[in-house]
Amino acid sequence: MSEEKKSLNFIEHIIEEDLANGLPKEKLRFRFPPEPNGYLHIGHTKAIGISFGLGETYNAPVNLRFDDTNPAKEEQEYVDAIKKDISWLGYQWENELYSSDYFQRLYEWAVQMIKDGKAYVDSQSSEVMAEQKGTPTQVGTNSPYRNRSVEENLELFEGMKAGKFPAGTHLLRAKIDMEDPNMLMRDPIMYRIMFAKHHRTGDDWCIYPMYDWTHGESDYIEQVSHSLCSLEFKPHRELYNWFRDHVYDYAKDKLPMPPKQREFARLNLSYTIMSKRKLLRLVEEGIVSGWDDPRMPTISGLRRRGYTPNSIRKFIEKVGVAKRENVIDVSLLEFCIREDLNKIANRVMAVLDPIKVVITNYPEDKEEWLEAENNQEDESAGYRKVPFSREIYIEKDDFKEEAGSKYFRLKLGGEVRLKNAYIIKANSVVKDANGNITEIHCTYDEDTSKKVKGTLHWVSIKHAITAEVREYDRLFMHESPDSQKDKDFMAFINPKSLTIKTGYLEPSLAEVEVGERFQFQRLGYFNVDDDSTAEKLVFNKTVGLRDSWAKQKPKPQNNQNKPKPQQQKRSAISVIQQFGKKYTKLSDEKQQTVKAEIQELAKEVSYDDLEPLFGTAVKKAGTRIVTIIALKVLLKNGLEKNDAINEFIDKAKADKNDVLVAEAAEI
RNA sequence: UGGCCUAUGGUGUAACUGGCUAACACAUCUGUUUUUGGUACAGAAGAGUCUAGGUUCGAAACCUAGUAGGCCAACCA
């Protein structure tokens with residue numbers, strides 16, 4: 001067991017510390033608490049991966065708890081979809097729970113809080129209350145109802161529960177501090193009146209608890225040890241603790257574990273939006289076909305697109321956990337899915353943009369069934385037969401009448417290998433009236449041992465089956481479409497995010513099943529879409545293969561690779577400082593050229609610019625060398641020596657860096 | 001005008017809690033192998049850790065100030 005010590009993220013550090021301080025390992029318990037008001041997306045996967053992942057590493061139970069305290073928004077449909085997605089990802093929850101299961105207990109605790117003078121019934125309009133609440137920079141003021149008697153509060157709360165009051169007339173609030181700098185502590189609402197049918201409790205209740213009151217107490221009831229959520233809940237922690245500490249007083253005999261909330265930064269993906277509300281808009285406005293459109297970042301979308309649970313889990317693992325805002329490059333997600341599919345997807349041949357090739361020396365009525373390896377990454381995948389005949393399709397892109405030596409594909413007079421078949425040579429082309437090539441005439445050679453640079457995929461026209469092939473591009477053309485202050489995210493929609501083609505496939509694909517994944521050789525990974533039927537096959541492109549050839553070709557004006565915002569002219573001193581950072585690493589020769597440049601720049605530098613650099617840390621020898629060089633220029637141009645200068649020079653002469661000493665000695 | 005959080009190569013995370021030349025992955029670029037311009041393998045480039053002070057023999061880490069970004073005023077979660 002020489003397990004290499006993996007570095008821990010900050011949450012794991014906290015847990016390790018708690019364990020070291022005496023928390024028994026058996027007490028560890030986590031939870032994933034979605035609100036059933038929408039579909040899960042890749043961002044949620046991070047939260048799922050963290051809590052369920054912790055459960056796996058510490059062998060601790062993880063509850064799936066639906067935070068269903070707002071019947072106006074929540075539906076059973078979402079509960080079912082969420083369960084399906086989590087299961088699909090391969091995680092197992094210990095218990096399926098609902099906050100609504102705790103409504104009675106929460107109610108009893110609330111009554112206790114009233115009796116203890118920690119909560120009161122307010123009877124004002126939301127406008128007035130908002131007024132009293134103040135702003136982040138301005139304290140709030142007390143409600144006139146804040147000091148109702150316990151008896152009155154009890155009676156009113158009882159009445160609220162019994163349905164005696166219309167919605168909006170009364171509220172239960174915690175009595176904390178209207179002047180707290182944290183607005184969440186300014187007498188937060190615990191209960192509101194809502195005459196709505198709840199997806200689980202039906203009409204049992206007409207008062208519903210708010211998030212802050214429910215969430216932490218649900219954690220506590222479940223004896224969750226570590227309650228992990230995203231950063232925006234950080235300000236809630238203070239309130240989480242306040243409620244928890246009071247309730248702990250009521251129940252500590254039976255519920256000894258007070259949970260602790262910790263927050264991590266949520267996942268952001270480049271060229272993607274993550275907000276449920278905005279995703280809903282894409283669905284409602286018909287930009288996509290539904291929540292499971294393969295372009296959507298939802299779990300169901302990714303699943304339909306052909307992503308594997310493994311690849312998504314791997315992605316979440318690689319993304320890490322920390323507290324700073326981040327934007328993950330989609331290329332990491334693509335890397336993860338390619339890595340997985342490379343190992344498990346069988347290779348097949350499909351031509352998506354065909355051009356006809358006639359092999360003139362191959363008999364017209366002949367056909368051969370050639371052996372093809374299914375997956376060279378997996379020996380157990382075996383072999384299959386693919387038909388070859390006189391007329392085949394290859395990709396249009398794979399032929400040019402004329403091309404340079406860097407072009408490995410077919411050109412007139414050139415030879416290429418047909419994957420799993422023969423080597424062919426292009427002799428002539430047939431063109432239509434517009435000059436478009438309609439046929440390429442080739443001759444084949446049975447000797448396949450020859451070395452040729454290029455290998456093409458192909459499909460026998462006579463045997464080919466057709467399929468609808470859907471290719472996807474990113475939904476948005478901007479790296480962070482929803483964080484532009486002056487533009488709506490809809491402005492960045494990519495109008496060409498979906499391309500539908502007719503593909504010609506080798507006949508082995510005639511009987512595929514929905515969800516099956518393949519590599520179309522040299523093109524990418526594809527899976528069978530839910531829309532696919534025996535009569536009409538439909539494939540989705542999951543992701544393309546890496547293509548180092550495409551990168552060499554001139555990009556179609558898409559300069560997304562280097563939008564480096566060039567800073568406007570930097571000052572001479574900052575350029576010199578920049579040189580300083582590298583100076584000691586440069587070769588002697590380079591040092592000379594850089595030195596000359598610094599001497600030139602130094603002419604524009606004033607003493608006031610330079611002086612702050614005298615204090616540079618000893619360790620930063622490069623910066624000090626560069627400063628000396630510049631200083632010498634200034635001295636030469638008439639600058640008088642002063643104490644600061646002399647001290648700096650003396651210190652340099654005494655340094656252990658030879659270059660620095662040498663430069664200083666010249667003064 | 002407040003409070004809280006964050007700042008490490010282009011991106012994301014590390015750095016055994018103050019100690020080696022700041023590590024790993026993605027992205028980028030080179031080669032080698034290859035019946036996929038894929039995979040695999042080998043290598044390169046790129047960061048004095050936001051800035052300035054301070055503490056220390058020693059700071060990415062601790063302290064102070066500044067700067068930048070994020071979050072906080074729903075009877076949402």
Side-chain angles (χ1 to χ4, degrees), chain A residues 5-9 13 33-35 37 67-70 72-74 125-126 129-130 133-140 167-168 170-171 180-184 186 189 191-194 208 210-212 214-215 229 231-238 263 265 270 276 318-329 331-336 338-339 342-343 347 349 372-373 376-377 406-409 417-421 423 448 451-457 519-524 544-552 561-562 564 580-582 584-585 612 615 617 619-623:
Chain A
K5 73 175 157 211
K6 217 181 102 225
S7 61
L8 305 176
N9 64 46
H13 276 127
E35 183 190 11
N37 71 341
D67 256 343
D68 54 349
T69 58
N70 186 0
K73 288 190 185 173
E74 295 147 8
S125 70
S126 58
M129 278 183 44
K133 194 152 191 182
T135 68
T137 57
Q138 218 176 326
V139 297
H170 300 283
L171 289 167
D180 197 296
N182 181 349
M183 294 201 61
L184 289 158
R186 322 237 258 233
I189 297 168
Y191 280 92
R192 76 283 214 191
I193 299 171
M194 272 179 109
Y208 288 93
M210 300 288 288
Y211 165 84
D212 286 294
T214 313
H215 187 90
C229 59
L231 235 40
E232 77 239 55
F233 289 97
K234 176 69 218 285
H236 292 251
R237 185 150 116 196
E238 200 179 351
E263 312 81 13
S270 62
K276 275 187 201 171
K318 282 183 180 294
V319 150
V321 182
K323 284 204 268 199
R324 55 175 165 170
E325 297 292 329
N326 57 77
V327 182
I328 312 292
D329 201 314
S331 66
L332 183 61
L333 218 208
E334 294 179 347
F335 169 81
C336 291
R338 285 193 191 108
E339 188 186 40
N342 177 49
K343 284 180 293 202
R347 271 110 245 239
M349 293 195 287
E373 191 174 12
Q376 46 277 78
E377 307 295 323
K406 294 258 237 170
Y407 187 79
F408 301 163
R409 308 175 184 184
R417 182 187 302 279
L418 294 176
K419 180 84 187 169
N420 305 315
I423 290 173
T448 59
K451 276 240 176 228
V452 291
K453 197 72 174 146
T455 302
L456 307 185
H457 62 277
Q519 184 196 98
F520 288 2
Q521 263 181 332
R522 301 211 305 134
L523 297 176
L545 257 28
R546 270 189 83 221
D547 188 350
S548 47
W549 168 244
K551 282 180 202 154
Q552 289 176 31
N561 260 338
K562 32 139 187 212
K564 258 260 128 70
K581 291 179 179 178
K582 301 186 169 179
T584 53
K585 284 193 217 158
K619 183 181 166 188
K620 300 178 182 176
T623 303

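Below, chain A is the first sequence line, B the second, and so on; all start at residue 1.
Using a 4.0 Å heavy-atom cutoff across all strands shown, K406(A) reaches at least one base atom of the nucleic acid. Nucleic acid contact class of H215(A) (heavy atoms, under 4.0 Å, all strands): none. Counting any heavy atom pair closer than 4.0 Å across all strands shown, N182(A) reaches no nucleic acid atom. Backbone-only contact: S331(A) has heavy atoms under 4.0 Å from sugar-phosphate atoms and none from a base. Residue-level contact check: F520(A) touches neither bases nor backbone, having no heavy atom under 4.0 Å from any strand.
Regarding H457(A), its NE2 atom lies at a distance of 18 Å from the P atom of U35(B), rounded to whole Å. M349(A) has its CE atom 16 Å from the P atom of U35(B), to the nearest Å. At whole-Å resolution of the value, CG in L231(A) and C1' in C5(B) are 6 Å apart. Taking atom CG on N326(A) and atom C1' on C5(B), their separation rounds to 14 Å, with Å as the unit.
Distance from the side chain of N342(A) is smallest for G38(B) among the nucleotides C72(B), G37(B), G38(B). Across G3(B), U36(B), A27(B), the shortest atom-to-atom separation from the side chain of R546(A) is found for A27(B). Residue R417(A) has its side chain nearest to U35(B) when only A73(B), A77(B), U35(B) are considered. Listed candidates were U39(B), A27(B), U35(B). Nearest to the side chain of F335(A) is A27(B). You'll find that the side chain of L332(A) is closest to C26(B), out of U35(B), C26(B), U6(B). The side chain of P136(A) has G2(B) as its nearest neighbour among G2(B), C75(B), G38(B). The R522(A) side chain lies nearest to G37(B) when the options are G37(B), C75(B), C72(B). Relative to the side chain of N9(A), the nucleotides A14(B), G70(B), C75(B) differ in distance, and A14(B) lies closest. Out of U13(B), U35(B), A77(B), the shortest distance to the side chain of E74(A) is found at A77(B). When each of U36(B), A77(B), C5(B) is scored by its nearest atom to the side-chain atoms of E35(A), the top-ranked nucleotide is A77(B).
The phosphate of G38(B) (OP1 or OP2) has a side-chain N or O of S548(A) nearer than 4.0 angstrom. Note on K318(A): every side-chain N or O is 4.0 Å or more away from OP1 and OP2 of C26(B).
A donor N or O paired with an acceptor N or O is not found under 3.5 Å between the base of G38(B) and the side-chain atoms of Q376(A). Under 3.5 Å, the side chain of R409(A) and the base of G37(B) form at least one donor-acceptor pair of N or O atoms. Applying the 3.5 Å distance criterion, the base of U36(B) shares a donor-acceptor pair with the side chain of Q519(A).
Nucleotides U17(B) and C62(B) have their C1' atoms positioned 11 Å apart, rounded to a whole Å.
Smallest separation of non-hydrogen atoms from E35(A) and K276(A): O-NZ, 3.8 Å. Contact record, A265(A) with E325(A): CB-N, 4.4 Å, taken as the closest heavy-atom pair.
A perpendicular orientation is assigned to the rings of H236(A) and Y211(A), their planes being inclined by more than 60° (bins at 30° and 60°).
No aromatic stack links Y211(A) and the base of A77(B), using centre distance under 5.5 Å and interplanar angle under 30°.
Pairing of A7(B), defined by two Watson-Crick or G-U wobble distances under 3.5 Å, is identified with U67(B).
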